[in-house]
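Here the structure comes first, spelled out in structure tokens, and everything after it is commentary.
Letters A, B, ... are given to chains in the order of the sequence lines, protein chains preceding strands, and every chain is numbered from 1. Atoms considered below: every heavy atom in the structure, side chains included; atoms not considered: hydrogens, waters and symmetry mates. This one's a predicted model, so the numbers in the text were calculated from it and none came from an experiment.
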Amino acid sequence: MKRVLSGIQPSGQLHVGNFAGAIRQFVEMQRDHEMYVFVASYHALTSTRDPRKLSENIRQVVIDYIAFGLDPAPGKVNIYLQHDVPEVTELCWLLSCVCPKHMMDKATSFKDKVSKGLQASIGLYVYPILQAADILSVDPDLVPVGSDQVQHVEITRDLAMKFNHYFGETFKVPAHKLREEAGTLPGVDGQKMSKSYGNTIDPFMAEKPLRKRIMSIVTDSTPVEDPKDPTQCTVFQIFRGLAGANDPRTAELEQRYRAGGMGYGDAKKALFELILEEFGSARRKRVELMNDPGYIETVLRHGAAAARAKAREVTDRARKACGL
RNA sequence: ACGCCAGUAGCUCAAUUGGCAGAGCAGCUGAUUCCAAAUCAGCAGGUUGGGGGUUCAAGUCCCUCCUGGCGUGCCA
């Protein structure tokens with residue numbers, strides 16, 4: 001069984017774009033993979049200075065992932081907090097010492113963030129090394145990522161190979177697995193759905209605001225009676241992204257677009273119903289989980305124990321290899 | 001460590017010799033619309049970075065601290 005590692009950012013409310021883009025694939029992968037999923041709490045510190053909010057977000061993202069269907073039962077998915085595995089920071093240091101500075105200078109995510117006006121701490125700068133440590137700490141076979149993260153996995157591979165070259169075979173060099181980008185959804189304004197654009201749809205919202213949110217999706221002004229091109233419509237793209245391209249409901253909605261006589265208001269109602277249906281069990285589960293903090297703690301404790309056992313092995317290997 | 005510049009609504013910025021803290025955008029509510037967009041009407045938004053002082057009156061002047069940017073120096 002292949003081992004898979006993935007990290008998630010505790011960046012506040014998740015949205016249906018996250019689900020279609022990544023979470024759903026984790027849920028599918030858990031059937032036939034050994035999975036390690038961690039909350040990137042150290043990484044989060046590169047961009048937040050609000051302790052209360054950070055700890056809230058960390059807890060919430062765990063709840064939301066489980067609500068979405070990640071199964072934290074022993075032997076299924078190991079969910080843990082990054083800072084519960086301090087070995088990661090030691091690995092980060094060992095890797096830092098084989099990382100040429102120019103490798104970080106070239107990292108596009110750093111350059112992007114700085115050009116957007118984010119304050120550049122050393123932590124943000126060496127972020128890819130910490131990420132390499134996350135990955136290498138559990139000897140994964142695969143690291144599923146979006147296209148924006150491919151470079152970071154390449155850096156991980158480079159650092160692992162460099163370390164192995166200098167100190168002998170130590171790290172398993174992981175492969176990245178590009179996530180299907182078909183999962184990318186537009187937001188209510190038609191741009192890519194992203195928290196930073198403020199255009200997300202949160203499947204856990206109360207029904208009334210949720211409905212309003214969906215109704216506010218930007219459309220063109222084609223009259224009701226005219227046929228419409230579904231591929232040009234944000235509402236349809238979101239619908240298809242959530243229901244699936246091969247789902248009969250998607251085919252039916254597509255027909256109604258092409259036939260004419262259906263207004264965008266109806267399409268939005270269909271999307272609203274779809275979201276309530278698809279996320280109904282997640283919504284209920286989330287309420288249960290929020291009322292059971294003890295359970296979340298247990299999950300995290302088990303996850304941390306499993307991840308830490310792996311991380312110790314790897315760290316021991318690395319220490320010995322470099323002469324410590 | 002020292003020096004210079006800056007900090008006003010979520011964002012970008014105004015505010016005359018010290019004289020009622022404002023605008024644009026974003027946001028929210030309503031009208032309109034199949035739903036949106038656009039437009040119109042309305043609403044909300046603030047410890048002017050914190051504290052102290054001068055004054056009848058401080059965003060504005062003085063002191064101090066904090067944060068950020070830039071520069072110089074010092075130590076390793």
Report the base-pairing partner of A26(B) (Watson-Crick or G-U wobble, both distances below 3.5 angstrom), or none.
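Paired with no nucleotide.
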Minimum-distance nucleotide to T219(A) side chain [options: U29(B), C35(B), C34(B)]:
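Minimum distance to the T219(A) side chain belongs to C35(B).
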Between C35(B), A37(B), C34(B), which one does the side chain of V218(A) approach most closely?
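Looking only at heavy atoms from C-beta outward on V218(A), the closest nucleotide is A37(B).
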Whole angstrom is fine here: how far is it from [atom1] in [X] over to [atom2] in [N]?
{"X": "D220(A)", "N": "A38(B)", "atom1": "CG", "atom2": "C1'", "value": "14 Å"}
{"X": "I217(A)", "N": "A37(B)", "atom1": "CD1", "atom2": "C1'", "value": "13 Å"}
{"X": "Y264(A)", "N": "U32(B)", "atom1": "OH", "atom2": "P", "value": "22 Å"}
{"X": "K269(A)", "N": "C35(B)", "atom1": "NZ", "atom2": "C1'", "value": "8 Å"}
{"X": "D50(A)", "N": "G10(B)", "atom1": "CG", "atom2": "C1'", "value": "16 Å"}

Given E87(A), which of R312(A), K310(A), R317(A), R319(A) fulfils the salt bridge (charged side-chain N to carboxylate O under 4.0 Å, His left out) condition?
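The single option meeting the salt bridge (charged side-chain N to carboxylate O under 4.0 Å, His left out) with E87(A) is R312(A).
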Going by distance alone, is a donor N or O of one side chain under 3.5 Å from an acceptor N or O of the other, for Q151(A) and T108(A)?
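Note: Q151(A) and T108(A) side chains meet the donor-acceptor criterion.
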May I ask you to check whether D220(A) and T222(A) show a side-chain donor-acceptor distance below 3.5 Å?
yes
Counting only side-chain N and O atoms of K212(A), is one of them less than 4.0 Å from OP1 or OP2 of G30(B)?
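Yes, within the criterion.
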Between D141(A) and the options K2(A), R3(A), K172(A), the side chain to side chain donor-acceptor pair (under 3.5 Å) test singles out K172(A)
